[in-house]
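These numbers were taken from a predicted model, which means no experiment stands behind them.
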Number of protein chains: 2
Amino acid sequence: MSTTHGATTQGARARARVEVTAAIKDEARRQLAADGAAKLSLRAVARELGMASSALYRYFPSRDDLLTALIIDAYDSLGEAAEAAHARAAGEAPAQQWIAVCEAVRGWAVAHPHEYALIYGSPVPGYFAPATTVPAAARVGYVLIGIVRDAYRGKGVAQWKLSAEVEPEAARLAGELAPDLPPAVAAVLVAAWAQLFGLVSFEVFGQFNKVVEDRESFFRHAAAQLAHHVGLVSPQPTGTGSASRAGS
Amino acid sequence: MSTTHGATTQGARARARVEVTAAIKDEARRQLAADGAAKLSLRAVARELGMASSALYRYFPSRDDLLTALIIDAYDSLGEAAEAAHARAAGEAPAQQWIAVCEAVRGWAVAHPHEYALIYGSPVPGYFAPATTVPAAARVGYVLIGIVRDAYRGKGVAQWKLSAEVEPEAARLAGELAPDLPPAVAAVLVAAWAQLFGLVSFEVFGQFNKVVEDRESFFRHAAAQLAHHVGLVSPQPTGTGSASRAGS
DNA sequence: CCCAAAGCAAGAGCGGTGCTCTCGTTTTTG
DNA sequence: CAAAAACGAGAGCACCGCTCTTGCTTTGGG
């Protein structure tokens with residue numbers, strides 16, 4: 001019964017392989033959520049799946065490779081959450097879209113703290129994350145770029161003057177990430193991208209303990225500031241103004 | 001020879017203890033810098049120090065306790081770097097002081113990436129950092145608060161309007177951190193604090209790979225933006241304007 | 001169709017880890 | 001000076017990542 005009547009892809013062996021691979025990753029994700037990356041053990045995963053630990057090496061050649069797979073999946077999961085939030089806020093004003101995506105990132109991080117730590121905490125495998133993770137890591141960034149680019153195409157965004165020092169780097173960034181955006185906007189956009197994850201990391205990693213109490217409101221406020229900062233005007237969503245400048 | 005002629009503190013045993021404790025931490029820090037926190041091994045530390053691994057448990061009851069000690073030391077080291085930079089920039093304008101402290105934080109982080117990962121990456125011991133680390137962790141924040149407070153006392157800083165949602169939290173933050181600062185300033189200050197470490201973390205953890213090339217200039221630009229954002233006017237330091245608003 | 005080749009599961013085993021317990025020895029202290 | 005506390009070393013337990021070898025099953029080409 002080899003190559004039966006035009007089945008989807010391959011024989012039973014190949015399908016079993018993807019199933020076992022998925023089961024391993026699922027169980028690993030369970031242990032990750034329960035005890036953190038440091039405690040994740042190949043032997044424990046194999047034990048829970050009822051297989052010999054050595055058999056597991058047929059699917060992942062090392063513990064770091066399993067971790068890397070989980071990292072990529074986490075990037076994708078976070079990226080999907082961000083893209084879904086963006087799609088949900090499609091009709092709203094750019095600043096509202098920005099805030100929605102930021103809140104989706106935060107929500108995902110709070111819901112999956114250990115997976116978040118895996119990708120935005122200390123990179124566990126080796127010293128650097130493998131290059132394979134780069135495309136998956138960029139998804140959130142692309143969503144944010146898209147919002148600002150659309151807003152810019154629509155009506156133009158605020159501008160910032162650049163110092164002579166950063167001007168070349170800003171021009172390079174704009175050329176590489178969003179050629180239709182002015183260099184100054186590209187520079188603040190990249191900075192805002194990093195700053196967003198600073199806010200999320202501080203909350204998830206407990207740095208806001210005993211400092212910020214109402215973290216949800218605080219984050220929304222900070223995200224609105226960030227939106228304003230990248231040039232998206234804040235639209236007074238529900239009658240409560242947010243982060244608009246006033247004299248001292 | 002108990003309680004001899006008024007020696008400094010205690011007998012030879014107590015002094016030996018602090019020396020051995022320091023030697024353990026030094027060797028642990030060496031291994032940390034070499035291979036990262038995940039590879040740090042009590043047995044390897046003991047081996048390098050020529051003592052039995054079990055003897056080491058007289059000084060640190062567990063691996064996590066050693067890590068915690070290293071975490072506190074790292075916070076202190078970073079805090080000292082920030083305070084030193086602040087002191088060095090004492091005479092300059094507030095925005096320059098802010099930028100100097102930010103650059104000191106970044107400089108320390110890139111010089112000690114594994115120690116930085118220990119404190120601002122995923123918290124390795126347990127799930128949260130122990131409460132003992134909180135005071136040491138706050139030092140950088142206090143420096144930043146001090147700069148803004150001094151600037152505010154001097155001439156007043158820019159203001160932001162707050163949404164009704166964050167207003168209580170902002171008032172609480174101001175009351176707790178800097179009673180002489182308006183709530184809106186306290187809120188953006190705390191956000192800027194987190195955002196600063198977002199920028200540093202992205203650089204140290206490799207998130208800027210293949211994205212930002214001239215990281216030093218980019219960081220200085222972002223730090224200047226942050227200074228502007230918390231209300232410190234940028235003083236056109238060397239004739240090159242930075243991050244001052246202009247219409248679109 | 002059949003048989004070699006490749007993929008797979010299981011077991012044993014190596015060196016390493018964190019941590020505990022016990023047992024002599026040394027230092028401090030009442 | 002003797003009791004108590006602190007110390008160092010060794011043996012040992014349970015666990016870890018990873019490798020190697022041994023049988024078995026699925027696959028694919030002649």
Within this structure, what is the [atom1]-to-[atom2] distance between [X] and [N], rounded to whole angstrom?
X: B/I24; N: D/dG8; atom1: CD1; atom2: P; result: 9 Å
X: A/E48; N: D/dC15; atom1: CD; atom2: P; result: 14 Å
X: A/R43; N: C/dG18; atom1: CZ; atom2: P; result: 16 Å
X: A/D64; N: D/dC16; atom1: CG; atom2: C1'; result: 14 Å
X: B/K39; N: D/dC16; atom1: NZ; atom2: P; result: 18 Å
X: A/L40; N: D/dG17; atom1: CG; atom2: C1'; result: 12 Å
X: B/M51; N: C/dT26; atom1: CE; atom2: P; result: 17 Å
X: B/R63; N: D/dC16; atom1: CZ; atom2: P; result: 15 Å

Taking only N and O in the side chain of [X], is any of them less than 4.0 Å away from OP1 or OP2 of [N]?
X: B/Y59; N: D/dA6; result: no
X: B/Y57; N: C/dC21; result: no
X: A/R47; N: D/dC16; result: yes
X: B/S53; N: C/dC19; result: no

- Message: Within the supplied structure, the quantity of interest is the number of heavy atoms (other residues, nucleotides, ligands) at a distance under 6.0 Å from A/Y142 OH; does it exceed 12?
- Response: no
- Message: Would you say CD of B/E216 has more than 12 non-hydrogen atoms from neighbouring residues, nucleotides or ligands within 6.0 angstrom?
- Response: no
- For the pair A/R172 and B/D214, find out whether any cationic side-chain nitrogen is under 4.0 Å from an anionic carboxylate oxygen. no
- Task: Inspect the contact between B/E103 and B/R106 and indicate whether a charged nitrogen and a carboxylate oxygen are less than 4.0 angstrom apart.
- Result: no
With sugar-phosphate meaning primed atoms plus P, OP1 and OP2, does [X] contact a base, only sugar-phosphate, or nothing at under 4.0 Å between heavy atoms?
X: A/L66; value: nothing
X: B/A12; value: sugar-phosphate
X: A/F60; value: nothing
X: B/R13; value: sugar-phosphate
X: B/S54; value: base

- Task: With DNA chain D as reference, determine whether A/P61 or B/R17 sits nearer its 5' end, using the nearest nucleotide of each.
- Result: B/R17
- Task: Take the angle between the ring planes of A/W193 and B/F208 and call it parallel below 30°, perpendicular above 60°, tilted in between.
- Result: tilted
- Considering only heavy atoms and no angle criterion, is a donor-acceptor pair shorter than 3.5 Å present between the side chain of B/R58 and the base of D/dG8? yes
